[in-house]
Structures are given as C-alpha cells and as structure tokens.
Amino acid sequence: PRQSDLLMVVGTITHKQAPVLRKVYEQMCEPKWVMAFGACATSGGFYQNYATLLGVDRIVPVDVYIPGCPPRPEMVIDGIMKLQDKIAHERHPILTKAF
C-alpha cells in the first residue's frame, strides 16, 4: 500500500475488516484517492445485519462513488473519468511543488 495512490473498495465491508482497511489507507502515500464500487461498498447494500458496515465512507474518505449492483461497465468508466477530472483540477501541495 505504500506505493499505491488509488484504493478501490469493491464489495461488502464488515466491521471486522474496517480496521484493516483503515490501516491500508493510512499507509498509502500522498496524494491518495478512494473509489467505492457498487451498492455494497457505498451503503452496505441489501445487508441489514450487525456485521455489515453501512458504507465505506464511515472509515475512509471517498472521492468517487460508482452506483449499481453490480455496477455497469459504463458507470465504471464514467467513475474513472470523474476521478481523472478531479485529479486534474485538484491543487495538491505535493503535485504542485517545484523541484
């Protein structure tokens, strides 16, 4: 995780997985971005039990949400393009530093 800059959360996240996912996010280098794929990662999906986390945004900040269950290929491509636009228009101190 120390060499990655994009975290793709795909599928259901349980409360048992949450600390591990948070640790992976914290170990990523700056700048870092997060994409949540599908209804399960975005809102917990159709699971309504004590073990399921109701959205990955409760433990890590999410930059792009991709809707659907499962997400259609067009939505995935649209989400990647939205992330590209966000990266292009974002002024990050590490990216704008003069060397």
Side-chain angles (χ1 to χ4, degrees):
R2 292 185 181 104
Q3 298 174 357
S4 63
D5 55 3
L6 175 62
L7 177 63
M8 295 182 176
V9 181
V10 183
T12 306
I13 302 298
T14 63
H15 288 285
K16 200 172 194 178
Q17 295 170 325
V20 177
L21 183 64
R22 180 68 183 180
K23 181 171 243 173
V24 168
Y25 177 78
E26 289 171 353
Q27 290 179 351
M28 290 171 61
C29 60
E30 290 287 337
K32 52 188 165 187
W33 296 279
V34 178
M35 292 177 73
F37 280 78
C40 290
T42 303
S43 64
F46 55 84
Y47 302 106
Q48 293 188 2
N49 59 21
Y50 66 92
T52 304
L53 188 69
L54 298 177
V56 73
D57 57 351
R58 294 178 184 245
I59 54 171
V60 295
V62 177
D63 295 301
V64 177
Y65 294 95
I66 299 176
C69 182
R72 296 189 45 80
E74 299 87 14
M75 298 306 294
V76 173
I77 292 171
D78 185 52
I80 291 171
M81 289 173 33
K82 284 181 183 176
L83 183 62
Q84 286 177 333
D85 290 341
K86 184 172 185 168
I87 292 169
H89 292 91
E90 185 176 296
R91 292 186 52 92
H92 202 278
I94 293 174
L95 295 177
T96 57
K97 185 185 283 187
F99 291 99

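Sequence positions, counted from 1, serve as the residue numbers for this chain.
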Gap between atom [atom2] of [Y] and atom [atom1] of [X] - 0.5 Å precision:
X	Y	atom1	atom2	value
L21	E26	CG	CD	10.0 Å
I87	W33	CD1	CH2	4.0 Å
I66	D78	CD1	CG	8.5 Å
L54	I13	CG	CD1	12.0 Å

Minimum heavy-atom distance between [X] and [Y], given as atom pair plus value:
X	Y	result
A36	V56	CB-CG1, 4.0 Å
V76	P71	CG2-CB, 4.2 Å
A39	C69	CB-CB, 4.2 Å

- Counterpart residues, side chain to side chain contact (heavy atoms under 4.5 Å, CB included), relative to R72 (two or more places apart):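 By the side chain to side chain contact (heavy atoms under 4.5 Å, CB included) rule, R72 matches E74, M75.
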Side chain to side chain, [X] and [Y], heavy atoms closer than 4.5 Å:
X	Y	answer
V9	V62	no
P61	Y25	yes
Q17	L53	no
R22	V60	yes

- Residues clustering with V20 (ILVMFWY side chains joined when closer than 4.5 Å, directly or via others):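 Hydrophobic cluster check, V20: no partners found.
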- Query: Could you go step by step and tell me if K32 and L7 meet the side chain to side chain contact (heavy atoms under 4.5 Å, CB included) rule?
  - Reply: CA-CA 8 Å; K32 52 188 165 187; L7 177 63; over 6 Å; no
- Message: Does anything in residues 36-45 form a side-chain hydrogen bond (donor to acceptor under 3.5 Å, both in side chains)? List the pairs, not counting sequence neighbours.
- Response: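 Qualifying pairs, neighbours excluded: none.
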